[in-house]
Amino acid sequence: MGGVPELETIPAMTSVRMADEVLEWFAVCARDLPWRRPETTPWGVLVSEIMLQQTPVNRVLPVWAEWLSRWPTPADLAAEPSGEAVRAWGRLGYPRRALRLHQAATAMLERHGGTVPDELDDLLALPGVGSYTARAVAAFAFRQRHAVIDVNVRRLVARAVEGVAEGPTSVSRRDLALVADLLPTDPETAARASAAFMELGALVCVARAPRCAACPVRDRCAWLAAGSPPSEGPARRPQGYAGTDRQVRGRLLAVLREATGPVEQADLDAVWDEPVQRDRALAGLLTDGLVSRTAPGVYALPH
DNA sequence: CATCCGTGGAT
DNA sequence: TATCCAAGGAT
């Protein structure tokens, strides 16, 4: 029903051959990203995965290098005030990720002897680590065989396997089983295949204008075979940014990041005219732990 | 399950 | 210029 093949109808040989061809392409076309190098520690992989959430590779590269140089282990980060993590996050966006990474470093110190855990459940229990990131770290840092489904893999599977332009935004159990079936049996090869699927989605099977002529699986792509039908259903409205609390929070935090010490209320007030929204945004930052009040009317990054 | 949470490059 | 989009997670 619905044009989506049942798992049993996908011949194992077809699945394995798809992985093989993507791996062959990956061996030639993969970007040389520092967190993929063999000498990168699990901590380096974890930091990269958190930074890459909703953030393009090119913007992550310099910040990742700075972080790993400054904080080579979880213990090094945990030893600093959380505000230093927020400051070093720079303009990557979603600064709560910096706070959670600091919390995760502390948790690893307490629960795992200062090391990144290698079990899925332990990874999932870390702040800021969800299903995708736990699987990515288990696969890429510890070379385990897990389905790793990010937006790129979800889109690749929707097209190549399901024959539709895009899949649902959420990852279902069925998706995990389907992608797991695509992976080679050998864990090391499976881990490499997971990176290869993501890379193919990021470089070739892209959202806007896919480069199907350069795709290693074009001959077996269900979407291409169906004539590349457009996505069905109403386009979901993007969230918008201008004028939102998020924009105000961003401006407030930028002032605090760039200041060397505590900041007066007046300096924060200067970034937004509307006092109700401005106060709400600042209150939210305080609630989230991204900002602390050091004295009445004086604010700083948290300790 | 819908919404919130930043930022900036590409089209 | 406006919209789309980028290795998601928490609530």
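Letters go in sequence order (proteins before strands), and every chain restarts at 1.
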Under 3.5 Å, is there a donor-acceptor pair between the side chain of A:Ser69 and the main chain of A:Glu66?
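Not at all, since once roles are kept as given, no pair shorter than 3.5 Å links the two residues.
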
What does [X] touch in the nucleic acid at a heavy-atom separation under 4.0 angstrom: a base, only the sugar-phosphate, or nothing?
{"X": "A:Trp89", "value": "nothing"}
{"X": "A:Ser48", "value": "nothing"}
{"X": "A:Val151", "value": "sugar-phosphate"}
{"X": "A:Arg31", "value": "base"}
{"X": "A:Ala202", "value": "sugar-phosphate"}
{"X": "A:Ala136", "value": "nothing"}
{"X": "A:Val129", "value": "sugar-phosphate"}

Take the protein atom [atom1] of [X] and the nucleotide atom [atom2] of [N], then report the distance between them rounded to whole Å.
{"X": "A:Leu101", "N": "C:dG8", "atom1": "CG", "atom2": "C1'", "result": "14 Å"}
{"X": "A:Ile149", "N": "C:dG9", "atom1": "CD1", "atom2": "C1'", "result": "16 Å"}
{"X": "A:Leu46", "N": "C:dG8", "atom1": "CG", "atom2": "P", "result": "15 Å"}
{"X": "A:Leu126", "N": "C:dA10", "atom1": "CG", "atom2": "C1'", "result": "15 Å"}
{"X": "A:Leu61", "N": "B:dG9", "atom1": "CG", "atom2": "P", "result": "14 Å"}
{"X": "A:Leu156", "N": "C:dA6", "atom1": "CG", "atom2": "C1'", "result": "17 Å"}
{"X": "A:Glu49", "N": "C:dG8", "atom1": "CD", "atom2": "P", "result": "9 Å"}
{"X": "A:Leu203", "N": "C:dA6", "atom1": "CG", "atom2": "P", "result": "12 Å"}

Any chance [atom1] of [X] has more than 12 other-residue heavy atoms, nucleotides or ligands included, within less than 6.0 Å?
{"X": "A:Arg31", "atom1": "CZ", "result": "yes"}
{"X": "A:Arg211", "atom1": "CZ", "result": "no"}
{"X": "A:Glu24", "atom1": "CD", "result": "no"}
{"X": "A:Arg293", "atom1": "CZ", "result": "no"}

Verdict with reasoning, A:Gln277 to A:Asp245, per side chain to side chain donor-acceptor pair (under 3.5 Å)
CA-CA 7 Å; A:Gln277 188 179 24; A:Asp245 285 9; 2.9 Å; yes

Using nucleotides 6-8 of chain B, report all nitrogen or oxygen pairs with the protein that are shorter than 3.5 Å.
from: B:dG6; atom 1: OP2; to: A:Arg249; atom 2: NE; distance (Å): 2.4
from: B:dG6; atom 1: OP2; to: A:Arg249; atom 2: NH2; distance (Å): 3.4
from: B:dG6; atom 1: O4'; to: A:Tyr94; atom 2: N; distance (Å): 2.9
from: B:dG6; atom 1: N7; to: A:Tyr94; atom 2: OH; distance (Å): 3.3
from: B:dG6; atom 1: N7; to: A:Arg246; atom 2: NH2; distance (Å): 3.0
from: B:dG6; atom 1: O6; to: A:Tyr94; atom 2: OH; distance (Å): 3.1
from: B:dG6; atom 1: N1; to: A:Gln54; atom 2: O; distance (Å): 3.2
from: B:dG6; atom 1: N2; to: A:Gln54; atom 2: O; distance (Å): 3.3
from: B:dG6; atom 1: N2; to: A:Thr55; atom 2: OG1; distance (Å): 3.1
from: B:dG6; atom 1: N2; to: A:Leu92; atom 2: O; distance (Å): 2.9
from: B:dT7; atom 1: OP2; to: A:Tyr241; atom 2: OH; distance (Å): 3.3
from: B:dT7; atom 1: O2; to: A:Arg59; atom 2: NH1; distance (Å): 2.7
from: B:dG8; atom 1: OP1; to: A:Arg91; atom 2: NE; distance (Å): 2.3
from: B:dG8; atom 1: OP2; to: A:Arg91; atom 2: NH2; distance (Å): 3.2
from: B:dG8; atom 1: O4'; to: A:Arg59; atom 2: NH1; distance (Å): 3.3
from: B:dG8; atom 1: O4'; to: A:Arg59; atom 2: NH2; distance (Å): 3.4

Do the side chain of A:Arg208 and the base of C:dC4 come within less than 3.5 angstrom through a donor-acceptor pair of N or O atoms?
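By the distance-only test, yes, there is a pair.
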
Expressed in whole Å, how much space separates the P atoms belonging to C:dG9 and B:dG8?
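These two P atoms come out 23 Å apart once rounded.
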
Distance between the P atoms of B:dA2 and C:dA7, in whole angstroms?
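The same atom, P, in both gives a distance of 23 Å.
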
Are A:Tyr94 and A:Gln53 close enough that a side-chain donor and a side-chain acceptor fall under 3.5 Å?
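There is no such pair (donor and acceptor under 3.5 Å, judged by atom type) between the side chains of A:Tyr94 and A:Gln53.
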
A:Leu301 to A:Arg257 - nearest heavy-atom pair and separation
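Here A:Leu301 and A:Arg257 meet closest at CD1-CA, 4.1 Å.
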
Between A:Glu188 and A:Arg145, is there a salt bridge with N-O shorter than 4.0 Å?
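Salt bridge absent between A:Arg145 and A:Glu188.
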
Given DNA chain C, 5'-ward residue of the pair A:Arg100 and A:Met198, judged by closest heavy atom:
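Checking each residue's closest nucleotide, the 5'-ward one belongs to A:Met198.
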
Flag the pair A:Met108 / A:Val116 as yes when at least one side-chain heavy-atom distance between them is below 4.5 Å, and no otherwise.
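Heavy-atom side-chain distance check passes, below 4.5 Å.
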
Show me the dot-bracket string of DNA chain C, counting Watson-Crick or G-U pairs under 3.5 Å, with | for pairs to another strand and [ ] for crossing ones.
.|||||.||||

Are OP1 or OP2 of C:dA6 and a side-chain N or O of A:Arg155 less than 4.0 angstrom apart?
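For C:dA6, OP1/OP2 do have a side-chain N/O of A:Arg155 under 4.0 Å.
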
Ignoring backbone atoms, establish whether A:Thr244 has a side-chain N or O less than 4.0 Å from OP1 or OP2 of B:dC5.
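So the side-chain polar atoms of A:Thr244 never come under 4.0 Å of the phosphate oxygens OP1 or OP2 of B:dC5.
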
Are A:Trp43 and A:Trp71 close enough that their ring centres sit under 6.0 Å apart?
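No; A:Trp71 has its ring centre 6.0 Å or more from that of A:Trp43.
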
